[in-house]
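Structure, as structure tokens:
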Amino acid sequence: MKDDLEFDMEMAREYDKGIRRALPTYDAMFRMVQSFLRAHVEDEANVLVIGAGGGNEIVTFGKANPTWTFAGVDPSEAMLEVALQKAKNEGIEERVSIYTGTVEQIDFKETFDAATCLLVLHFVETIEEKLSLLKTVKELLQPGSPFVLVTMYGNQSKPEFDERMNLWKSIWLDLTDLTQEDVNGMEESVRELSFISSTQIEELLEQAGFERVTQFFSTTLFGGWIAHSDK
Ligand SMILES: C[S@@+](CC[C@H](N)C(=O)[O-])C[C@H]1O[C@@H](n2cnc3c(N)ncnc32)[C@H](O)[C@@H]1O
């Protein structure tokens with residue numbers, strides 16, 4: 001029988017494949033996020049990674065930026081185990097601290113020079129909980145620090161949302177052997193996630209204390225925003 005870590009690593013490999021189908025610009029998004037962070041931090045940056053499960057931010061940014069340190073937060077122990085294992089495989093684990101829980105649950109003794117929250121906010125159910133997460137991140141950042149938020153977004157009652165959903169499904173059909181029925185089932189699951197509109201996302205970021213809030217990409221159901229904690 002496979003041990004737990006091997007099982008988790010296999011799940012992570014599946015995740016790495018699946019996320020690039022769900023979000024075809026996943027790697028390009030990472031390159032843009034890295035350029036934004038690099039442009040706005042000093043050499044020795046302490047980066048807070050919300051939803052660090054799977055380790056892709058920590059490993060991608062950690063390898064390319066040897067003077068950065070990372071605090072990875074995620075409620076999923078299995079996903080964090082994978083993040084730590086990937087960091088060890090790349091020899092960067094000394095620059096990585098891992099925290100199990102949500103960002104509000106952790107009593108950090110440090111502040112951060114940058115933060116990312118990639119592909120997490122649509123799992124946070126209510127507007128109040130989303131705002132609480134964003135406010136907590138803002139409080140942990142040094143004034144003026146860069147922050148990147150990437151999430152599924154949109155108003156499900158609008159026709160433009162259906163168009164984006166149809167494109168999302170067409171991409172799955174083109175890239176995989178899944179049937180129309182399979183993809184319709186995936187649509188049902190995705191529609192149960194917590195979507196809010198781009199306007200609401202921008203309002204929440206501003207209410208949480210971020211400024212210069214700017215959308216920098218949109219791919220099918222996903223959007224990304226850059227911002228700075230206020231001074
Ligand atoms: C789709 S994965 C994204 C992983 C990684 N950020 C990436 O871009 O590939 C979503 C992650 O968010 C985590 N998550 C869910 N709710 C969270 C919360 N309230 N705070 C932090 N992480 C959360 C999940 O456990 C999961 O590891």
Side-chain angles (χ1 to χ4, degrees), residues 5 7-34 36-37 47-64 70-87 90 96-108 112 114-141 147-153 168 172 186 189-190 192-196 201 204 208 216-217 219-226:
L5 181 59
F7 182 72
D8 294 345
M9 292 300 286
E10 204 169 295
M11 260 179 34
R13 274 191 289 276
E14 284 305 307
Y15 172 77
D16 285 344
K17 203 159 79 181
I19 193 64
R20 287 173 172 82
R21 290 168 173 177
L23 173 51
T25 55
Y26 184 75
D27 294 303
M29 181 265 286
F30 266 65
R31 289 193 291 276
M32 289 189 279
V33 171
Q34 175 167 269
F36 174 66
L37 298 184
V47 182
L48 175 62
V49 181
I50 316 289
N56 288 344
E57 294 91 326
I58 286 172
V59 169
T60 308
F61 304 150
K63 275 167 62 183
F70 299 88
V73 185
D74 200 297
S76 164
E77 268 184 45
M79 291 288 276
L80 280 179
E81 192 62 43
V82 169
L84 203 52
Q85 189 58 46
K86 281 189 182 169
E90 298 297 339
V96 177
S97 310
I98 290 297
Y99 300 88
T100 310
T102 64
V103 71
E104 295 100 317
Q105 289 166 343
I106 314 292
D107 183 18
F108 286 103
F112 296 92
T116 63
C117 182
L118 308 184
L119 305 174
V120 175
L121 208 68
H122 47 265
F123 294 118
V124 177
E125 278 184 25
T126 65
I127 290 262
E128 291 73 23
E129 287 166 329
K130 292 180 204 284
L131 181 59
S132 160
L133 183 156
L134 295 173
K135 276 186 172 167
T136 308
V137 176
K138 193 262 158 190
E139 289 307 316
L140 288 165
L141 284 170
F147 175 54
V148 186
L149 176 71
V150 171
T151 179
M152 286 185 167
Y153 77 101
W168 184 80
W172 275 102
M186 287 163 61
S189 310
V190 165
E192 281 168 18
L193 297 173
S194 176
F195 283 83
I196 56 174
I201 288 170
L204 280 188
F216 73 101
F217 94 92
T219 298
T220 61
L221 301 174
F222 299 87
W225 284 262
I226 51 176

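All residue numbers in this chain count up from 1 along the given sequence. Numbering of ligands and ligand atoms starts at 1, following listing order.
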Backbone or side-chain N or O of [X] under 3.5 Å from ligand 1 N or O:
| X | answer |
| --- | --- |
| Asp74 | yes |
| Met79 | no |
| Val103 | no |

The reported gap from CZ in Arg13 to CD in Glu10 (rounded to nearest 0.5 angstrom) is 6.0 Å
Roughly how far, to the nearest 0.5 Å, is NE2 of His122 from CD of Glu192? 13.5 Å
Among all protein heavy atoms, pick out the one at the shortest distance from [atom]; state its residue, atom name and that distance to 0.1 Å.
| atom | value |
| --- | --- |
| atom 12 (O) of ligand 1 | Val120 CG2, 3.6 Å |
| atom 22 (N) of ligand 1 | Pro75 CD, 3.2 Å |
| atom 10 (C) of ligand 1 | Leu119 O, 3.4 Å |
| atom 2 (S) of ligand 1 | Tyr15 OH, 3.5 Å |

Output yes when a side-chain donor or acceptor of Thr126 lies under 3.5 Å from a complementary backbone atom of Glu129, and no otherwise. yes
Between Glu57 and ligand 1, which residue portion shows a heavy-atom distance shorter than 4.0 Å: side chain, backbone, both, or neither?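 Side chain only; the backbone of Glu57 stays clear of ligand 1.
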Any idea which atoms of ligand 1 are less than 4.0 Å away from a heavy-atom of [X]?
| X | answer |
| --- | --- |
| Phe123 | 1 (C), 10 (C) |
| Thr102 | 19 (N) |
| Tyr26 | 7 (C), 8 (O), 9 (O) |
| Ser76 | 25 (O) |
| Gly53 | 4 (C), 5 (C), 27 (O) |
| Ile50 | 21 (C) |

Can you see whether [X] engages [Y] through a side-chain donor-acceptor pair at a distance of less than 3.5 angstrom?
| X | Y | result |
| --- | --- | --- |
| Ser132 | Glu104 | yes |
| Tyr15 | Asn56 | no |
| Lys130 | Thr151 | no |

Tell me, with the steps shown, if Phe30 and Phe61 meet ring pair (Phe, Tyr, Trp, His ring centres under 6.0 Å). CA-CA 9 Å; Phe30 266 65; Phe61 304 150; 5.6 Å; yes
How close do Asp74 and Gly53 get, heavy atom to heavy atom, and via which atoms?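 Taking Asp74 first and Gly53 second, the nearest heavy atoms are OD2-N, 2.8 Å.
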With ring pair (Phe, Tyr, Trp, His ring centres under 6.0 Å) as the test, pick out the partner of Trp225 among Phe216, Phe147, Phe217, Tyr153. Tyr153
